[in-house]
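Report on the following structure.
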2 protein chains.
Amino acid sequence: MVLAEAGGLCEDRRTARPRSPDFGGTRVALVRLVIARCQVDYVGRLTAHLPMAPRLLLVKADGSVSIHADDRAYKPLNWMSPPCWLEEQPGVWTVRNKVDESLVITIDEVLHDSKHELGVDPGLVKDGVEAHLQELLAAHPGVLGEGYTLVRREYMTAIGPVDLLCRDADGRSVAVEIKRRGEIDGVEQLTRYLELMNRDPLLAPVAGVFAAQQIKPQARTLAEDRGIRCVAVDYDALRGTESKDLRLF
Amino acid sequence: MVLAEAGGLCEDRRTARPRSPDFGGTRVALVRLVIARCQVDYVGRLTAHLPMAPRLLLVKADGSVSIHADDRAYKPLNWMSPPCWLEEQPGVWTVRNKVDESLVITIDEVLHDSKHELGVDPGLVKDGVEAHLQELLAAHPGVLGEGYTLVRREYMTAIGPVDLLCRDADGRSVAVEIKRRGEIDGVEQLTRYLELMNRDPLLAPVAGVFAAQQIKPQARTLAEDRGIRCVAVDYDALRGTESKDLRLF
DNA sequence: ATCTATATTTCGAGG
DNA sequence: CCTCGAAGTATAGAT
């Protein structure tokens with residue numbers, strides 16, 4: 001490995017730790033960090049060029065390569081997503097994928113080069129996304145309208161699933177679209193569902209409710225113009241109602 | 001700096017190089033790479049937890065902090081975008097931002113810790129995005145339809161600019177929406193424009209053309225159902241027509 | 001500041 | 001494998 005020798009190599013020396021499942025004999029999953037003066041040329045979905053400058057090259061075990069500057073938060077200047085393959089020549093790295101996109105990294109000087117074994121990550125536990133909001137509203141349809149009852153979650157139509165299908169106090173169908181943030185896209189989506197469902201004589205008439213933690217003014221205007229009722233949902237309050245024994249932060 | 005001492009510190013020792021413009025006296029922009037066994041808790045737009053495991057911590061000069069596993073391409077498991085502030089305590093990093101989102105990184109063991117000066121990146125040069133496609137189609141409206149002529153690029157309406165306004169062979173107005181990849185959103189967008197423009201007696205009737213390098217089947221179906229014609233554009237061929245002296249890949 | 005449209009979006013689920 | 005919807009989307013441009 002040419003460039004590994006060029007920089008100050010710092011290999012991890014830790015021993016017994018949960019191993020990556022693909023660790024059988026010779027290959028160990030490693031993340032590799034290189035600081036180098038480099039130039040980058042990408043040809044693929046677009047064409048992009050980075051002039052020679054010092055940057056961070058991050059090579060992960062999944063095969064991905066990303067080129068970072070010391071800015072733009074976590075987004076790299078340039079990258080190649082897996083599956084892809086890195087070929088190292090002295091002074092030139094070439095990363096290629098199946099559809100023949102390529103990233104050519106011309107390296108002028110290596111300032112640091114180290115590898116580190118991380119193993120398989122136990123993974124992220126999330127809470128508070130749309131799924132949970134849907135779950136809570138399904139359990140408490142009264143929040144959407146007085147006397148509402150749930151008919152079905154993920155009610156399937158020809159063009160996709162409606163988040164909730166409810167019935168109002170008078171027994172009429174209501175299609176509910178749930179978003180964390182209510183924007184125009186969501187209104188359009190619900191409009192398509194309503195258009196389709198109202199053509200079905202077994203369902204029609206179907207009213208619409210657009211529920212979100214926060215609804216943008218333009219989305220609200222568009223929705224109301226189309227006769228769709230908007231409901232701003234207080235997620236934390238709803239979660240509090242749901243279970244008092246749930247630990248809150 | 002507590003943790004810098006704990007790991008094997010490798011500071012860059014390079015000297016004369018173009019400096020960051022914000023380099024005045026004491027502060028130099030550095031990227032910091034830490035490999036550590038850590039646990040992460042994020043509370044903000046959602047709540048997320050990462051159990052203790054070895055990971056890469058990337059701290060950039062813009063203040064951002066990102067936590068990477070050895071997979072998922074360039075996307076970190078968790079992060080905090082600038083502007084935000086990192087407070088280091090022995091064994092605990094706390095990253096906080098203005099709206100009081102927080103990222104708490106509990107560090108069990110530091111396996112590597114280095115800092116590197118990169119300076120300001122000269123930046124990325126791109127080519128081949130939607131703007132270029134629009135430019136090419138504006139120069140060759142005949143590709144959109146026999147006898148089409150260009151009236152205006154970015155024709156402004158009350159709800160935004162229509163990519164191209166053309167006239168067909170019979171002198172009728174045609175609104176053209178251009179996308180790299182034609183999806184349902186684009187059809188909705190064009191539909192809104194057409195609805196509005198067809199209310200204007202000076203323009204009506206206005207036909208619609210949806211042009212893209214690739215048009216998804218659902219988008220095509222929706223468009224055609226609404227009387228919008230779809231045109232698949234061969235970008236490379238069009239670019240070839242545009243200028244023979246342009247180097248092709 | 002708000003809103004719109006784009007992104008080499010990435011990522012995951014479901015057919 | 002595609003197709004679709006969600007994302008702590010982020011980001012840039014226009015109003």
Side-chain angles (χ1 to χ4, degrees), chain A residues 40 42-48 62 64-67 72-82 84 95 97-99 101-103 123-124 126-134 154 156 158-163 177-181 183-186 188-189 192-193 212-213 216-222, chain B residues 42-48 64 66-67 71-82 84 97 99 101-103 124 126-131 133-134 154 156-163 177-181 183-186 188-190 192-193 214 216-221:
Chain A
V40 185
Y42 166 73
V43 178
R45 278 165 280 187
L46 58 68
T47 302
D62 61 7
S64 66
V65 178
S66 36
I67 298 118
R72 301 157 210 243
Y74 69 71
K75 192 151 198 215
L77 291 162
N78 224 324
W79 69 92
M80 189 75 89
S81 297
C84 64
V95 192
N97 68 8
K98 228 182 300 192
V99 293
E101 297 177 309
S102 72
L103 196 63
L124 189 67
K126 284 185 184 183
D127 176 32
V129 281
E130 186 195 319
H132 197 200
L133 196 58
Q134 187 190 111
E154 302 285 349
M156 195 46 79
I159 55 170
V162 175
D163 288 337
E177 178 65 34
I178 301 166
K179 294 279 181 236
R180 195 175 61 77
R181 290 188 314 190
E183 298 180 25
I184 268 180
D185 286 12
E188 298 287 15
Q189 195 181 338
R192 288 197 298 275
Y193 289 137
Q213 276 187 271
K216 294 280 179 80
Q218 288 216 347
R220 180 181 290 274
T221 304
L222 182 65
Chain B
Y42 166 75
V43 178
R45 278 166 281 188
L46 58 67
T47 301
S64 66
S66 36
I67 297 119
D71 61 3
R72 308 162 201 237
Y74 72 70
K75 194 154 197 213
L77 290 161
N78 223 324
W79 69 94
M80 190 74 88
S81 299
C84 65
N97 69 8
V99 293
E101 297 178 309
S102 72
L103 196 65
L124 189 68
K126 285 184 184 184
D127 175 32
V129 280
E130 187 195 321
L133 195 58
Q134 187 190 112
E154 303 286 349
M156 194 47 76
T157 74
I159 55 170
V162 176
D163 289 337
E177 177 65 34
I178 301 167
K179 294 278 182 235
R180 195 171 63 78
R181 290 188 314 191
E183 299 181 22
I184 267 180
D185 284 11
E188 297 287 15
Q189 193 182 340
L190 180 53
R192 287 197 298 271
Y193 289 137
Q214 196 188 18
K216 295 279 178 80
Q218 288 214 347
R220 181 181 290 273
T221 304

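Below, chain A is the first sequence line, B the second, and so on; all start at residue 1.
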> Mind checking the P distance from dA6(D) to dT8(C)? Whole angstroms is fine.
Replying inline: 22 Å
>> Distance check needed: dA7(D) C1' versus D185(B) CG, whole Å only.
In response: 14 Å
> Nearest-Å distance, CZ (R72(B)) to C1' (dG12(C))?
Replying inline: 11 Å
> Using a cut-off of 4.0 Å on non-hydrogen atoms, how would the nucleic acid contact of Q189(B) be classed: base, sugar-phosphate, or nothing?
Replying inline: sugar-phosphate
>> So P217(A), base contact, sugar-phosphate only, or nothing? Heavy-atom distance under 4.0 Å.
In response: sugar-phosphate
> Hey, does I184(A) reach any base, or is it just sugar-phosphate, or nothing, if we go heavy atoms under 4.0 Å?
Replying inline: sugar-phosphate
> dA7(C) phosphate, OP1 or OP2: any side-chain N/O from R181(B) under 4.0 angstrom?
Replying inline: no
> Any sub-3.5 Å donor-acceptor pair from E188(A)'s side-chain atoms to D185(B)'s backbone N or O?
Replying inline: no
> At under 4.0 Å, does any side-chain N or O of R45(A) touch on OP1 or OP2 of dT9(C)?
Replying inline: yes
> Y74(A) or I178(A): which one's nearest nucleotide on DNA chain D is closer to the 5' end?
Replying inline: I178(A)
> Using a cut-off of less than 4.0 Å, is there contact between a side-chain N or O of K126(A) and OP1 or OP2 of dG8(D)?
Replying inline: yes
> In terms of side-chain heavy atoms of W79(A), which of dT6(C), dT10(C), dG5(D) is nearest?
Replying inline: dT10(C)
> Of all heavy-atom pairs between D163(A) and Q134(A), which one has the smallest distance, and what is that distance?
Replying inline: OD1-NE2, 3.7 Å
>> Strictly below 4.0 Å: does R192(B) bring a side-chain N or O up to OP1 or OP2 of dA5(C)?
In response: yes
> How close do A73(A) and S64(B) get, heavy atom to heavy atom, and via which atoms?
Replying inline: CA-OG, 3.4 Å
> From dT6(C), dC11(C), dA7(C), pick the nucleotide closest to the side chain of A73(B)?
Replying inline: dC11(C)
>> Regarding Y42(A), tell me which of base, sugar-phosphate or nothing describes its non-hydrogen contacts under 4.0 Å with the strands shown.
In response: base
> Could you give the CD-to-P distance, from E154(B) to dT15(D), as a whole number of Å?
Replying inline: 10 Å
> Is E177(A) close to Q189(A) at the side-chain level, that is, under 4.5 Å between some pair of heavy atoms?
Replying inline: yes
> When you compare dT11(D) with dC11(C), how far apart are their P atoms, in angstrom units rounded to a whole number?
Replying inline: 16 Å
>> Nearest whole Å is fine: how far is dG8(D) P from E183(A) CD?
In response: 14 Å
> In terms of the angle between their ring planes, are Y74(B) and Y74(A) parallel, tilted or perpendicular, with boundaries placed at 30° and 60°?
Replying inline: tilted
> Under 4.0 angstrom, heavy atoms only, what part of the nucleic acid is M156(A) near: base, sugar-phosphate, or nothing?
Replying inline: nothing
>> Please tell me if K216(A) has a side-chain N or O lying less than 4.0 Å from either OP1 or OP2 of dT2(C).
In response: no
>> Between C1' on dA7(D) and CD on Q213(A), what's the gap in Å once rounded to a whole number?
In response: 14 Å
> How close or far is atom P of dG8(D) from atom CG of N97(B), stated in whole angstroms?
Replying inline: 15 Å
> Under 4.0 Å: is that the gap between some side-chain N or O of K75(B) and OP1 or OP2 of dC11(C)?
Replying inline: no
> Of the nucleotides dA7(C), dG5(D), dG8(D), which one has an atom closest to the side chain of N78(B)?
Replying inline: dG8(D)
>> Rounded to whole Å, how long is the line connecting atom CD of Q134(B) with atom P of dT6(C)?
In response: 10 Å
